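The structure appears below as structure tokens.
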Amino acid sequence: MNSKLIMISFLFAVIIILGILYLIRKEKINIKYAIIWLLLFGLLALLLIIPHLLTAITKILGFEVSSNMIFAIIIGVLVIISISLTAIVSTQDRKIRKLIQEISILKSKI
């Protein structure tokens, strides 16, 4: 990868990290949901700073090409995010159902 592309990619990762930190500071996003994004883009920045690290990890994990490993990691991260969002929605659904039941009981008492 040429140095100009590495610099642009690194700048993109830093901007995303700063954007996530800004959203956390403004309380637009909960920190426990932002951690995975911070780790992901932090890892990307690290791999851009040390490009030989990606090649070494690729060889250790047994992938033929670095891009195949990157796609596998991306798919894995998306699956983890999907599962965590499903758990969050399920929890919120239970809380909403309980709240509706409590409100109905209070309305019947009035």
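Source: prediction; values computed, not measured.
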Can you tell me how far the CG atom of L48 sits from the CG atom of L43, to the nearest 0.5 Å? 9.5 Å

In this structure, CD1 of I70 is separated from CD1 of I75 (nearest 0.5 Å) by 12.0 Å

Grab the two heavy atoms, one from A13 and one from F41, that are nearest each other, plus how far apart they are. CB-O, 4.0 Å

As a quick check of understanding, evaluate side-chain contact (heavy atoms from CB on, under 4.5 Å) for I31 and L38, giving each step before the final call. CA-CA 10 Å; I31 191 164; L38 290 173; 5.8 Å; no

With a cut-off of 6.0 Å (strictly less than), are more than 12 heavy atoms of other residues, nucleotides or ligands near CD of E64? no

In terms of hydrophobic clusters joined by side-chain contacts under 4.5 Å, are I6 and I17 together? yes

Under 4.5 Å between side-chain heavy atoms, chaining through other members, with only Ile, Leu, Val, Met, Phe, Trp and Tyr counted: pull out the rest of the cluster around I15, sorted by chain and number. L11

With L53 via side-chain contact (heavy atoms from CB on, under 4.5 Å) - residues at least two apart: L46, L47, I50, I57

Do I73 and F71 belong together in a cluster built from hydrophobic side chains that touch within less than 4.5 Å? no

Can you list everything that forms a side-chain hydrogen bond (donor to acceptor under 3.5 Å, both in side chains) with R97? Sequence neighbours excluded, please. D93

Less than 3.5 Å apart, which donor and acceptor atoms pair up between the side chains of residues 77-89 and the rest of the protein, not counting sequence neighbours?
| from | atom 1 | to | atom 2 | distance (Å) |
| --- | --- | --- | --- | --- |
| S84 | OG | I80 | O | 3.3 |
| S84 | OG | I81 | O | 2.9 |
| T86 | OG1 | S82 | O | 2.8 |

The reported gap from CD1 in I105 to CD1 in I110 (rounded to nearest 0.5 angstrom) is 12.5 Å

Roughly how far, to the nearest 0.5 Å, is the CD atom of Q101 from the CD1 atom of I103? 11.0 Å

I16 vs L44, side-chain contact (heavy atoms from CB on, under 4.5 Å): CA-CA, chis, key distance, verdict: CA-CA 11 Å; I16 295 295; L44 174 65; over 6 Å; no

Over all heavy atoms of both residues, which pair between I29 and I20 is shortest? Give the atoms and the distance, please. CG2-O, 4.4 Å

Dump the intermediate steps for side-chain contact (heavy atoms from CB on, under 4.5 Å) on L54 and M69, then the final yes or no. CA-CA 9 Å; L54 180 63; M69 185 187 75; 3.1 Å; yes

Give the cluster check for L18 versus Y22: same hydrophobic cluster or not, with ILVMFWY residues linked at side-chain heavy-atom distances below 4.5 Å. no

Roughly how far, to the nearest 0.5 Å, is NZ of K4 from CE of M7? 11.5 Å

Residues which pass side-chain contact (heavy atoms from CB on, under 4.5 Å) with S104, listed by chain and number, not counting sequence neighbours: I100

Sorted by chain and residue number, the side-chain hydrogen bond (donor to acceptor under 3.5 Å, both in side chains) partners of S67 (sequence neighbours excluded) come out as none

